[in-house]
Amino acid sequence: MTKDRHLRQRQIKRESIIHGRPVESKTKSSQDTNKIILAAVCMIAALCGFGYFRYQMYLRELVKTPLYSPTVLTKDSTSAASDPDRFWGTYRANTYFGLRTRSPKSPLFGMMWLNQQTQQMPPPIRHWCDQGDKLHKYGWLKHDGRHFGVQEIHDGDFKVTTSFVKRPGGSHGGDWTAYIDVSNTTTRPGLVSLMFYVALDDQGQLQPVLAKNSPRINAINGYTQDLGHFKLTFPKSTGSTLRHNYLITLAPGVNKLKEALIKGIKVEAWDKARKVPFFVLGGDQVSSDAESGPNFMVHQITAELPFSMEVLFESASNVDRPNHLQGDIFQSLLSEHSQKFENKFTNTFQLQKKGFSDGQIEFAKAALSNMLGSIGYFYGSSLVQSVYNEEPVPYWNAALYTGVPSRSFFPRGFLWDEGFHNLLISKWDPEISKDIVSHWLDLMNTEGWIPREQILGAEARDRVPAEFVVQRNQNANPPTLILPLKTLVPYILQSETEEQSLKRILPRLKTWFNWYNTTQLGPIPFTYRWKGRDRKTVRELNAKTLTSGLDDYPRASHPTDDEYHVDLRCWMALFSGLIADISKSIGEDATAYESTHALLSDNGLLDELHWSEKKQQYSDYGLHTDKVKLEKPQPKPNQPPMHLEKERVVYSDPQLGFVNAFGYVSLFPVLLKILEPTSPKLFKIFTDIRNEKLVWTDFGLRSLGQTTPLYNRYNTEHDPPYWRGAIWINMNYLALGALDYYRKAPGPYQSQADRLYVELRNNLINNMYNQYVKTGYIWENYSDKTGEGKGCHPFTGWSALVTLIMSEVYE
Ligand SMILES: *[C@@H]1O[C@H](CO)[C@@H](O)[C@H](O)[C@H]1NC(C)=O
Ligand SMILES: *[C@@H]1O[C@H](CO)[C@@H](O)[C@H](O)[C@H]1NC(C)=O
Ligand SMILES: *[C@@H]1O[C@H](CO)[C@@H](O)[C@H](O)[C@H]1NC(C)=O
């Protein structure tokens, strides 16, 4: 906020210099009329200046002005009072194990650990999920998105199992207990420290209850506005605990907890026999005359493997709890929820009936559980910029409840991933999905734009390089939220009161659609163009189209206003159809959307605009040549030799025409089922899909055909191929959904579609499962050569759609 005000003041100053320049009088004669005219001119100039200034200010404000339409979520809908069931959760997906509430200033609870038998100084401390930690595997084995979860983390010679269960009671979201078990996976003896903490985010108080004769925190009493009074208890752990320690300190921010903890560590020579240093927390670090009390308290136990500990959170408002949620009582509630989860999983996905092995079913369960267990709650403001802003400005403070693509690498909300995530989530718990989609739609600004990457709050901001933080309002992203809405709308319509929320969703969808339908237009009617491609780039082989979601997938080699993109047109066809359907379902006029939908799904018009007769495929259109290469520039004569980065060299003039690339983009009319089941084009497309020189592999469909000139090519000297060959699960899910549709809809190519469907589905499931068994992870993308998982991991965002693929659920 302050930064924004500061910026505005600067702009005001600049404007007044330009527009408030005093008008000089030309003559010394001071006739009244002249004076009056002069005064009038001055006034008009001033008014114009003022008007202009106001207008500029208005333009600058637009990007950060919320849409003037009732929000889908009602006020405080995530509070403990409105939704106690989902108030608490593992909503800190970026940590190995962390809990918080769905309120903006929730205190943060979480865990760090360290291996005492390390050679490294300082010892590596595990906290935020980090690929650099090189853990063998980790992830939720079970998680229902509401009541409980069980996670396993494999670190070197030991395994940490984190479980939690919630229990309702009182008026602040109830109690929960976390159970953490650490056990050796080899016969080597081990010594590990667990450190469980609570940290305040700018509000509340913490009061430790210390043991009399040892440096141990027995409990912490706390208070915050949203939680009221609460108590965190650390009962006696099991196993041979060697040492208790604690830290009470003042962390500079919730994004700096690990740093604060490291600062509080001291090295102790433990006992004479071992003669090695041990790392223990240094107790109370806050001097008694400090201005503010401590905001960060950590309980540390150091024990020989195996051992376990419990942590109890109890709300003071829960006055008549029958007992404490610990020991056998905890375990029996855990197994009760676990059994319910098993039953619901079996009923929802029916995998036994489809003949999967127990191992494969556990894999599908883990995929779903990680999708649910990675749902996060974020609060803060994005940094955004429009052409009218000289510098980025903060969006309004907002909450986002959302899935995340990857806990280690992308632990925040991404617009186009989220639609895919909710295809799965909505099948498991439509209420959660509805809530997520509503949060996203409420982030729409008055222009109808939703920032595509949401970096909200200090923890999230800390993990993104500065150059990627700012979101620009010219930039779109595929409107994938429409995918889960297809399932959600009938669910919402089931209950009378819920229909109200559809009445708030619909105007937002219309505004959103209109934003695409006006800002992302192509050169001729009913063509569309992804804006934001860099026309000046010299280092890139092909200017990226980040907005399409398919980053470096080759488009026209020379970005111009003349190009138009087939994938975006298909998204718009789907989008307009959905709005028409929703409108009709609640008795509103749908004619405008029906006619737009009819035009956009007209196969004749689609062919006219996007079918390349020469290549016999659907294509983008634009200014294009295949004859491009990255080369080292020659240093000029007499120039000292220096390291110059490769630049693009164009060997033949680009021509306007269809872009020569075959891959996911060419398949869009099929992927989104825009093509009629009777279209003769299907025969050729299906044949191409099965062609191993093009997109077919034994592991799934690759993103770009091997015959495309940019197949598997670096985009700059240092940027490896991304969507230029690798197999991506979201697109394969769409492909299977489409094949399933074309094999069932009457038409001449049903059996062709059926064969492809069966084979592709087997290939995908087998490879993902084998990779999971081999590597412990589900991956961002898979190699089209070997099937190996590549890129970031665990990636249980849209790759978790494998659960739906196994279950054959595509709608
Ligand atoms: C773990 O350590 C204990 C005691 O050192 C040993 O008895 C047990 O076999 C070990 N477990 C595994 C899985 O190796
Ligand atoms: C989308 O834009 C076109 C103009 O490009 C317009 O004719 C059409 O009515 C718009 N559709 C809707 C539903 O607003
Ligand atoms: C998968 O994505 C990552 C980026 O996270 C990339 O580095 C990797 O090369 C990709 N894998 C393949 C096989 O292209």
Side-chain angles (χ1 to χ4, degrees), residues 67 69 113 115-117 135-137 152-161 180-194 237-242 273-274 302-309 441 444 446-449 474 476 478-479 481-482 485 505-531 561-586 588-602 605-606 608-610 621 672 674 776:
L67 179 65
S69 174
W113 73 90
N115 183 357
Q116 290 285 2
Q117 291 170 331
L135 301 190
H136 303 323
K137 71 185 280 183
E152 264 183 21
I153 305 168
H154 292 252
D155 186 1
D157 284 341
F158 59 94
K159 174 175 89 176
V160 184
T161 308
I180 300 142
D181 176 86
V182 193
S183 55
N184 49 315
T185 51
T186 69
T187 47
R188 236 175 305 166
L191 197 56
V192 170
S193 279
L194 281 182
S237 52
T238 66
S240 63
T241 303
L242 297 184
R274 292 178 201 262
T302 304
E304 281 174 347
L305 302 181
F307 69 96
S308 64
M309 73 181 269
L441 290 177
M444 192 176 295
T446 183
E447 302 162 311
W449 171 69
Q474 306 92 298
L481 297 179
I482 60 181
L485 272 172
I505 287 173
L506 187 58
R508 286 181 174 263
L509 287 178
K510 286 182 176 174
T511 309
W512 201 27
F513 180 89
N514 191 52
W515 181 82
Y516 288 90
N517 201 34
T518 49
T519 67
Q520 308 290 308
L521 291 180
I524 34 179
F526 294 100
T527 60
Y528 295 90
R529 173 165 74 87
W530 296 111
K531 297 285 170 67
D561 288 351
D562 291 320
E563 72 192 71
Y564 49 93
H565 301 124
V566 63
D567 51 338
L568 183 50
R569 188 175 199 280
C570 294
W571 284 120
M572 294 302 283
L574 197 69
F575 200 169
S576 49
L578 177 84
I579 295 184
D581 288 348
I582 299 181
S583 303
K584 280 184 283 184
S585 72
I586 55 172
E588 288 193 13
D589 178 30
T591 31
Y593 290 90
E594 274 178 328
S595 66
T596 295
H597 178 65
L599 268 161
L600 291 178
S601 38
D602 182 296
L605 192 54
L606 173 72
E608 230 169 80
L609 292 166
H610 285 288
Y621 182 92
L672 296 188
I674 309 298

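In each ligand, atom 1 is the first atom listed, and ligand 1 is the first ligand listed.
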task: Just do the salt bridge (Lys or Arg N to Asp or Glu O under 4.0 Å) check on K159 and E152 with the steps written out, would you?
output: CA-CA 7 Å; K159 174 175 89 176; E152 264 183 21; 3.7 Å; yes
In this structure, atom 9 (O) of ligand 1 is nearest to the protein heavy atom T187 CG2, 4.4 Å
Residue, atom and distance of the protein heavy atom nearest atom 7 (O) of ligand 2 read F526 CZ, 3.8 Å
Please confirm whether Y528 comes within less than 3.5 Å of ligand 2 when only nitrogen or oxygen atoms on both sides are compared. no
Is_contact(atom 3 (C) of ligand 2), protein non-hydrogen, under 4.0 Å | yes
- Message: Between H565 and Y621 (judged by ring centroids, cut-off 6.0 Å), do the two rings come close enough to count as a pair?
- Response: no
Quiz item: Is the centre of the Y593 ring less than 6.0 Å from the centre of the F575 ring?
Solution: no
Q) Okay, side chain of K531, backbone of T519: is any donor-acceptor separation there less than 3.5 Å? A) yes
Rounded to the nearest 0.5 angstrom, the CD1-NE2 distance for I579 and H597 is 11.5 Å
Here the gap from D562 atom CG to R529 atom CZ, rounded to the nearest 0.5 Å, amounts to 8.5 Å
Restricting to heavy atoms, the pick from I579, N517, I524 nearest atom 1 (C) of ligand 2 would be N517
In ligand 2, the atoms that come under 4.0 Å of a heavy atom of Y593 are 13 (C)
| Is N184 close to ligand 1, meaning an N/O of one under 3.5 Å from an N/O of the other? | yes
Going by the 4.0 angstrom heavy-atom rule, the piece of L305 near ligand 1 is neither
